[in-house]
Amino acid sequence: MKILYFAWLRTEIGKSSEDISLPAGIQTVNDLLNWLPERGNNYAQALQKRDLLRIAINQDYADLDQKIHDSDEVAIFPPVTGG
Amino acid sequence: MKILYFAWLRTEIGKSSEDISLPAGIQTVNDLLNWLPERGNNYAQALQKRDLLRIAINQDYADLDQKIHDSDEVAIFPPVTGG
Amino acid sequence: MIRVQSEDFDLSLEVRKLTEENPAIGAVTAFIGLVRDIAGGTEISSMTLEHYPGMTEKMLREIETEAHQRWNLDASLIIHRYGQLAPGDQIVLVVTCSKHRKAAFESCEFLMDFLKTKAPFWKLEETPEGGKWVDARDGDTKATERWLKS
Amino acid sequence: MIRVQSEDFDLSLEVRKLTEENPAIGAVTAFIGLVRDIAGGTEISSMTLEHYPGMTEKMLREIETEAHQRWNLDASLIIHRYGQLAPGDQIVLVVTCSKHRKAAFESCEFLMDFLKTKAPFWKLEETPEGGKWVDARDGDTKATERWLKS
């Protein structure tokens, strides 16, 4: 699965995107956000503010209970501040 | 007193302004609007729609009961349609 | 700032003049009114705007002052043209500048609503059936009334 | 029409392109967002706008479509810039064109409110104390909520 990070999430995790093979049992956005911190301190640190974060699956906003698949493009980012 | 007419009031009366010496007893805007039709058919015709008309005294909107004086600039015109 | 003129205006130029000296401005709302080719189902070949010189400027200054009293504005501009115009021509420009967008949007709409019911301009439309003075719209009076403080 | 670009834009040119082919348009509302030199009391030397290519265009297209469903619009345009900008630079342009001004004003404000909370852009401000990601404003979420149909 392709995961994209933006803004301060990108700088805290230290990369803008990565390809990840999802472990068995990771089925929803919520599962993914629970699992990512296990990948290292930078993830754990960045995801401390996870209540703030927004998720998009295939470029559409998604809820925590939405299903994710290996073929999806998942993006995690802070609240948007354009305009 | 200087009186100005605008838009269809101007074309119906047939002039854009005139200087008038007010007869005795003409004290308010209402008096003026009651008296003007006596000046001729063109005035009587134009002032048939007097409920529609707006009045300005010295370039400020005025009410019917407002006092007028010989030194005033009085304007009579239809509802505005700019913008 | 207000201007009553027969000449056309350039939107970019006017906005730049208002904002270039003030980098605290974050939000600009501009309204441009154009001559439409159709009015009430009748085709228009041209439109002539008559106004009351002196009172026009006075009214525009008054409504601009009121907008600055109601909203925190950094700059504003009202340009209204008079004389003969063709379909597609620019008639009016209202620009409001503020730190944030809410004040810019609200004050721009306020200025247009008041201009429509207070500024002494009258439109004469030239149609195939001859010249026709435009009637005031009830909707404009209602739009103005909603800004009256209760 | 939507455009996501690093280049600047010219307000007059964009408005003219939207309106010149359609003389039924009587009302144009434009909103321009500018980079402010001060944010939360701190001076800004520059601002960098990051975005999510692909999703940005998708979201802007969605909100533009919704505006056309809600209001009777003849034309509309959203331009949003990305990359490094300086104080006073133009960030965003939203233009809505309609026969009458109410639809133009409302839809322009609607587009800005939704753009502020849905379009995936993030501002990084360069200040004397270093780079600082701009926090989202509660007011923007509230501004968007008022458009939700009950």
Side-chain angles (χ1 to χ4, degrees), chain C residues 8-16 18-39 43-44 47 74 86-102 104-113 115-116 137 139-140 142-143 146, chain D residues 8-16 18-39 43-44 47 74 86-102 104-113 115-116 137 139-140 142-143 146:
Chain C
D8 200 9
F9 51 81
D10 181 78
L11 184 55
S12 298
L13 179 69
E14 299 300 340
V15 168
R16 191 162 54 245
L18 282 180
T19 59
E20 69 188 351
E21 300 297 332
N22 190 349
I25 295 172
V28 178
T29 302
F31 178 87
I32 306 101
L34 303 172
V35 180
R36 294 175 57 206
D37 62 345
I38 296 279
E43 207 174 307
I44 291 170
M47 171 182 279
D74 291 286
D89 280 357
Q90 303 185 117
I91 306 172
V92 62
L93 172 65
V94 172
V95 185
T96 52
C97 306
S98 186
K99 293 181 182 49
H100 301 293
R101 74 186 182 287
K102 193 173 150 63
F105 270 117
E106 285 185 1
S107 58
C108 190
E109 201 168 359
F110 167 89
L111 286 171
M112 275 307 302
D113 284 347
L115 188 155
K116 281 263 180 190
R137 294 171 68 227
D140 287 331
K142 292 206 184 74
R146 75 195 156 114
Chain D
D8 200 8
F9 51 83
D10 181 77
L11 184 54
S12 298
L13 179 69
E14 299 300 341
V15 169
R16 192 162 52 244
L18 283 180
T19 58
E20 67 188 350
E21 300 298 332
N22 190 348
I25 294 172
V28 178
T29 302
F31 179 86
I32 306 102
L34 303 171
V35 179
R36 294 176 57 206
D37 62 344
I38 296 279
E43 208 175 307
I44 292 170
M47 170 182 281
D74 291 286
D89 280 356
Q90 302 185 119
I91 305 172
V92 63
L93 173 65
V94 173
V95 185
T96 52
C97 306
S98 186
K99 293 183 182 45
H100 301 293
R101 72 187 183 287
K102 192 173 151 61
F105 270 118
E106 285 184 2
S107 58
C108 190
E109 199 168 1
F110 167 89
L111 286 171
M112 274 308 301
D113 284 348
L115 189 156
K116 282 265 181 188
R137 294 172 67 227
D140 287 330
K142 291 204 184 76
R146 77 196 156 115

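Considering every non-hydrogen atom in both D:Ala27 and D:Ala104, the closest pair reads O-CB, 4.0 Å.
D:Leu11 pairs in a side-chain contact (heavy atoms from CB on, under 4.5 Å) with only one of the listed residues (C:Asp10, C:Val28, C:Leu11), which is C:Leu11.
Distance CD/D:Glu106 to CD/C:Glu109: 6.5 Å, rounded to 0.5 Å. Put simply, CG on C:Asn22 and CZ on D:Arg36 are 9.5 Å apart, with the number rounded to the nearest 0.5 Å.
In terms of heavy-atom pairs under 4.5 Å with chain D, the best-connected choice from C:Val15, C:Ile38, C:Ile25 is C:Ile25. For the set D:Ala143, D:Cys108, D:Gly33, the entry with the most heavy-atom pairs within less than 4.5 Å of chain C is D:Cys108. The greatest number of non-hydrogen atom pairs below 4.5 Å with chain C, out of D:Arg16, D:Arg137, D:Lys102, is found for D:Arg137. Heavy-atom pairs under 4.5 Å with chain C were tallied for D:Leu13, D:Leu34, D:Thr29, D:Asp89; the largest tally goes to D:Leu34.
Among the residues in residues 92-101 of chain D, those with a non-hydrogen atom closer than 4.5 angstrom to a non-hydrogen atom of chain C are D:Lys99, D:His100, D:Arg101.
Inter-residue side-chain proximity for D:Val35 and D:Ile91 is flagged as met; some heavy-atom pair is nearer than 4.5 Å.
In this structure, the portions of D:Asp113 lying under 4.5 Å from any heavy atom of chain C include both its backbone and its side chain. Only the side chain of C:Thr19 has a heavy atom closer than 4.5 Å to any heavy atom of chain D.
Remark: side-chain polar atoms of D:Gln90 are not paired, donor with acceptor, to backbone N or O of D:Ile32 under 3.5 angstrom.
Under the side-chain hydrogen bond (donor to acceptor under 3.5 Å, both in side chains) criterion, D:Glu14 pairs with D:Arg3, sequence neighbours left out.
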